[in-house]
Number of protein chains: 2
Amino acid sequence: MGVVATGKQRSERRADALSKERIVETAIEILDTEGENALTFRALAARLATGAGAIYWHVANKNDLLTAATEAVVARALTEGDDAAEPRQAIRDIALGVFDAIDAHPWVGTQLTREPWQAAMLSIFEGLGGRLPALGVPEPAQFDAASALLNYVLGVAGQNAANAREHARATDRRAFLGAVAARWSALDPRRYPFLNRAAERLPDHDDREQFLAGIDLILAGIETLGGPA
Amino acid sequence: MGVVATGKQRSERRADALSKERIVETAIEILDTEGENALTFRALAARLATGAGAIYWHVANKNDLLTAATEAVVARALTEGDDAAEPRQAIRDIALGVFDAIDAHPWVGTQLTREPWQAAMLSIFEGLGGRLPALGVPEPAQFDAASALLNYVLGVAGQNAANAREHARATDRRAFLGAVAARWSALDPRRYPFLNRAAERLPDHDDREQFLAGIDLILAGIETLGGPA
DNA sequence: ACCTGAACACCGTTCAAGT
DNA sequence: ACCTGAACACCGTTCAAGT
């Protein structure tokens with residue numbers, strides 16, 4: 001609109017001035033659509049129609065960029081699932097919010113597990129730990145209990161991110177799980193009895209349900225800490 | 001011994017022929033003493049007094065190398081803490097074995113969370129899940145329960161690895177935790193009441209004890225699944 | 001069969017130079 | 001103040017050539 005193309009074609013037209021926000025949003029786009037490996041300063045600069053060095057004026061380095069992108073996604077995820085009044089349900093909602101965010105943006109799982117004490121992680125920690133008083137958990141035990149929930153969430157986050165990296169574009173989940181299950185079934189049943197049994201359940205299990213089952217297990221353990229509900 | 005130095009000095013003398021085992025052990029040495037970033041094919045080749053390309057004859061790629069290194073460390077960790085008869089204690093021993101291995105080799109935590117379904121992870125999974133029948137957990141629930149334990153262990157593993165990466169050589173743990181706690185205390189106590197309280201416990205808490213407290217919490221939840229013990 | 005080491009195709013990051 | 005883009009110092013990986 002009103003922009004006259006001069007001489008050489010340019011692949012992309014600058015929408016407006018560069019800003020950290022615009023850089024972060026573009027990075028999220030690349031991460032979501034092309035995967036973790038596709039985010040390079042060169043690719044990012046090309047999409048933003050600028051030089052690679054320009055990005056460094058707004059962002060300290062790649063880690064800073066990834067942290068900001070993670071923070072943006074997690075912040076949205078946590079505000080969406082507004083607070084349930086019931087503390088058990090509130091904790092489930094927060095955990096599921098993070099789970100679903102990582103399902104949609106697997107690279108968030110990678111970054112969440114790589115960079116400790118970042119803002120995104122603190123929000124999750126507060127969300128989980130903040131409900132423990134209402135659950136009747138005595139103060140001295142709250143730190144450990146919230147840590148257990150957080151670390152479980154982070155563990156699943158990392159695995160989901162790794163799985164997404166493995167079969168980049170969902171190459172038939174059932175076939176993939178079937179192949180893994182076949183490997184488990186091939187193990188010596190005397191040395192690996194549990195994996196042999198688990199192999200039968202693997203192909204049909206639902207990741208989200210299993211994730212929630214784990215949360216409920218930890219919540220059940222936490223409830224043994226407090227007085228009667 | 002009996003080797004005559006000819007012409008130019010060579011920085012290192014080849015002890016014997018190259019092998020995957022020798023490559024993996026040397027990689028572990030570098031990872032342990034110089035950190036994750038120090039492991040490059042060039043550095044590895046220099047230590048082995050060979051060319052970078054030679055390594056590829058024995059190892060498919062860097063990921064293969066890291067997986068093999070992780071497997072070696074985890075296998076040792078799991079065989080050391082021999083099986084306790086009591087299932088709760090056996091699960092604690094396995095979890096603590098992994099925890100201590102990552103404490104000694106933080107890069108194992110990174111690799112464990114990056115590469116799913118690798119042999120090292122399967123051994124841990126079997127070790128944890130294999131004790132659930134003795135705990136009275138009904139078969140249909142065992143897969144979910146073992147997953148919860150595994151993901152918790154992996155979450156802690158990732159965090160410990162990330163922490164070790166952060167302050168490369170333990171620059172006074174208490175000072176570091178004190179700085180983190182100060183940041184938590186600086187947060188608005190109305191929006192972050194839990195983190196403000198947790199800040200007081202952070203500097204003096206023991207990672208290993210907190211890890212075990214989480215295991216016990218999940219075990220307490222798992223015990224609500226079975227019949228009476 | 002196994003090893004050598006230069007070369008290739010990338011990276012993140014810096015920085016002199018522009019506006 | 002902000003942007004440009006070439007240059008630097010690395011990487012993992014390949015491969016022709018050696019033994």
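Convention: sequence-line order gives letters A, B, ...; per-chain numbering from 1.
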How about T67(B) and E115(B): does a side-chain donor come under 3.5 Å of a side-chain acceptor? no

Spacing of L18(B) atom CG relative to dC3(C) atom C1', expressed in whole Å: 8 Å

Options dT13(D), dC3(C), dT13(C), nucleotide nearest the side-chain atoms of K62(A): dT13(C)

Send over the distance from N63(B) CG to dT13(D) P, rounded to a whole Å. 9 Å

Find the partner of dC10(C): check Watson-Crick (N1-N3 plus N6-O4 or O6-N4) and G-U wobble (N1-O2, O6-N3) distances, both under 3.5 Å, and reply none if neither fits. none

When all nucleic acid strands are considered with a 4.0 Å heavy-atom cut-off, which category describes L39(A): base, sugar-phosphate, or nothing? sugar-phosphate

If you check the T40(B) side chain, which of dC3(D), dC11(D), dT14(D) turns out closest? dC11(D)

Side-chain N or O of W57(B) versus OP1/OP2 of dC2(C): is the shortest distance under 4.0 Å? yes

R22(B) CZ to dC2(C) C1': how many Å, rounded? 14 Å

Between W184(B) and W117(A), what is the ring plane arrangement, given parallel below 30°, perpendicular above 60°, and tilted in between? perpendicular

Nearest whole angstrom, please: distance from the P of dA16(C) to the OH of Y56(A). 17 Å

In whole Å, I'd like the distance from the CD1 atom of I55(B) to the P atom of dA6(C). 15 Å

Kindly indicate whether the side chain of T70(B), heavy atoms from C-beta on, has any atom under 4.5 Å from the side chain of W107(B). yes

Separation of dG12(D) P from R42(B) CZ (nearest whole Å): 7 Å

Determine whether the aromatic ring centres of residues F99(B) and F211(B) are separated by less than 6.0 angstrom. yes

When both distances are under 3.5 Å in a Watson-Crick or G-U wobble arrangement, the nucleotide paired with dG18(C) is dC2(D)

If you only use heavy atoms from C-beta on, which nucleotide in dC3(D), dG12(C), dC11(D) is closest to the side chain of A54(A)? dC3(D)

Using the side-chain heavy atoms of H58(B), tell me which of these nucleotides is nearest: dC3(D), dC3(C), dT13(D). dC3(C)

Test item: R208(B) and D100(B) side chains (from C-beta on) under 4.5 Å apart, heavy atoms: yes

Expressed as a whole number of angstroms, how long is the span from L48(B):CG to dC3(C):P? 10 Å

